[in-house]
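Just below is one structure, and these are the notes that go with it.
As the structure is a computational prediction, the values presented were derived from the model and not from experiment. Note that the numbering runs from 1 along the sequence shown for the chain.
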Amino acid sequence: MPLGTRSSSGVEYSAVGEGLGMRDFWLYVWLRRVSVVAAHIISLGLIIIISILSRPGTSLFSWHPVCMSLGFCLCMTEGILLFSAEGNPFCFKSRKWKVRLHWFFQALLLVCGATGFGFMVASKNIKEHAHFTSWHSLLGVTTMAATVLQAMCGVLLLFPKLISTYSFPRWRLYHATCGLVAYLLATVTVMLAMFTDWFQASVTGPIWYIFLLLPLFPALVVMNQITSAFLPKKKITS
């Protein structure tokens, strides 16, 4: 709905930040840009740190955290934040190219997730360990299912002829909502991974608490972006 227009109920809607003074508005914009840039840095930093800790190639299991962090910490985050107007590292201005890049990241996410899942299953089979015995593994499977579901919603949006024109905005909302749920599930799964024996054997002391809180920051940025885009704007009653 355009800025300054009224709905059929006579209520005026305005964009986020409307009504702020110029100084407060620019501070708000600056804080949003800093937070988005920080989310990019943290997401990239997490996969670098996890890759160093896991030492990929030393065992079948070592590829599990690398693939999962690449998919869910980096690809999933970048696939959402590229639609942000603040701190976007990609030069694409048209929504068409952003959608294509979004699909590239999400497809890579599914490949990394399936590969990481396969390495974990193979590793447990060789060691004859039971599957899905921890909260991390159970929530990880749930996250994979939610990710596949949101990808299926995205397919319908990628090929709008499969759905009616009337249903298109509704499917966009479904896709965004399912994507947010999947991202939050992935965030909790990553945090639960830090309670595993493997991670606690590598990271101890106060720095462990820092690692535990790091995934929360990109999640807050992503949640703010999605809710700001799809929830009703601020109402101004006259």
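Under the 3.5 Å distance criterion, the side-chain polar atoms of Ser228 are left unmatched by any main-chain donor or acceptor of Gln225. Side-chain atoms of Thr204 never come within 3.5 Å of backbone atoms of Gln200 as a donor-acceptor pair (strictly under, hydrogens ignored). When atom types are taken as modelled, the side chain of Asn125 and the backbone of Val121 share a donor-acceptor pair closer than 3.5 angstrom. Using a distance-only test at 3.5 Å, with no hydrogens or angles considered, no donor-acceptor pair links the side chain of Ser123 to the main chain of Phe119. A side-chain donor-acceptor contact under 3.5 Å links His175 to the backbone of Gln150. Judged purely by atom type and a 3.5 angstrom limit, Ser51 has no side-chain atom pairing as donor or acceptor with the backbone of Val66. Remark: side-chain polar atoms of His136 are not paired, donor with acceptor, to backbone N or O of Leu192 under 3.5 angstrom.
Linking ILVMFWY residues whenever their side-chain heavy atoms come closer than 4.5 Å, directly or via other members, leaves Leu108 and Ile48 in distinct clusters. The cluster map of Ile, Leu, Val, Met, Phe, Trp and Tyr, joined by side-chain heavy atoms under 4.5 Å apart, puts Ile226 and Ile42 in the same cluster. Cluster membership check: Ile47 does not share its hydrophobic cluster with Leu81, using side-chain heavy-atom separations under 4.5 Å among Ile, Leu, Val, Met, Phe, Trp and Tyr. In the hydrophobic clustering of ILVMFWY residues, with side-chain heavy atoms under 4.5 Å counting as a link, Val36 and Leu184 come out together. Linking Ile, Leu, Val, Met, Phe, Trp and Tyr whenever their side-chain heavy atoms come within less than 4.5 Å puts Val141 and Met68 in one cluster.
Counting heavy atoms from C-beta outward, Tyr183 and Thr77 have side chains that approach closer than 4.5 Å. Residues Gln106 and Leu109 meet the side-chain proximity criterion, which asks for heavy atoms closer than 4.5 Å. For the pair Trp103/Lys98, no side-chain contact is recorded, criterion being any heavy-atom separation below 4.5 Å from C-beta on. With contacts defined as side-chain heavy-atom distances shorter than 4.5 Å, the pair Ile210/Leu213 does not qualify. Taking 4.5 Å as the limit, every side-chain heavy atom of Leu74 sits out of range of all side-chain heavy atoms of Phe105. Met194 has its side chain within reach of Pro215: a pair of non-hydrogen atoms, C-beta onward, lies under 4.5 Å apart. Counting only heavy atoms from C-beta outward, the side chains of Ser35 and Phe217 approach each other to under 4.5 Å. Between Val190 and Cys73 the shortest side-chain heavy-atom distance falls below 4.5 Å.
Ring pair Phe104/Trp97: centre-to-centre distance not below 6.0 Å. Between Phe211 and Trp208, the gap from one ring centroid to the other reaches at least 6.0 Å.
Between the CD1 atom of Ile50 and the CG atom of Leu70 there is a distance of 10.5 Å, given to the nearest 0.5 Å. Note that CE of Met152 is 15.0 Å distant from OH of Tyr174, once rounded to the nearest 0.5 Å. Going from atom CG of Leu156 over to atom CH2 of Trp171 covers 5.0 Å, rounded to the nearest 0.5 Å. Between atom CZ of residue Arg172 and atom SG of residue Cys153 there is a gap of 13.5 Å, rounded to the nearest 0.5 Å. Atoms CH2 and OG1, from Trp135 and Thr142 in turn, are 9.5 Å apart once rounded to the nearest 0.5 Å. Note that the CG atom of Leu149 and the CE atom of Met144 stand 12.5 Å from one another [nearest 0.5 Å].
Within 6.0 Å of atom CZ in Arg100, more than 12 heavy atoms from other residues, nucleotides or ligands are found, so the atom counts as buried in its surroundings.
Side-chain atoms of Thr143 and Thr189 include a donor-acceptor pair closer than 3.5 Å.
Here the closest non-hydrogen pair linking Leu53 and Trp198 is C-CZ2, 4.1 Å. When every heavy atom of Cys178 is checked against every heavy atom of Ala146, the shortest pair comes out as SG-O, 3.6 Å. Closest heavy-atom contact between Phe199 and Ala193: CB-O, 3.5 Å. Nearest heavy atom pair, residue Ser134 against residue Ser137, reads O-OG, 2.8 Å. Considering all non-hydrogen atoms of both residues, Ala186 and Met76 come closest at CB-SD, 4.3 Å. Among all heavy-atom pairs drawn from Gly57 and Ser62, the shortest one is N-OG, 3.0 Å.
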Note to self: Let's go through Arg32 and Asn224 carefully: what are the C-alpha distance in whole Å and the side-chain angles of both, what is the deciding distance for side-chain contact (heavy atoms from CB on, under 4.5 Å) to 0.1 Å, and is it a yes or a no?
What the structure shows: CA-CA 10 Å; Arg32 282 186 59 124; Asn224 178 69; 3.6 Å; yes
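In this pair, Phe132 and Phe117 present their aromatic rings parallel. The plane angle is below 30°, not in the 30 to 60° band.
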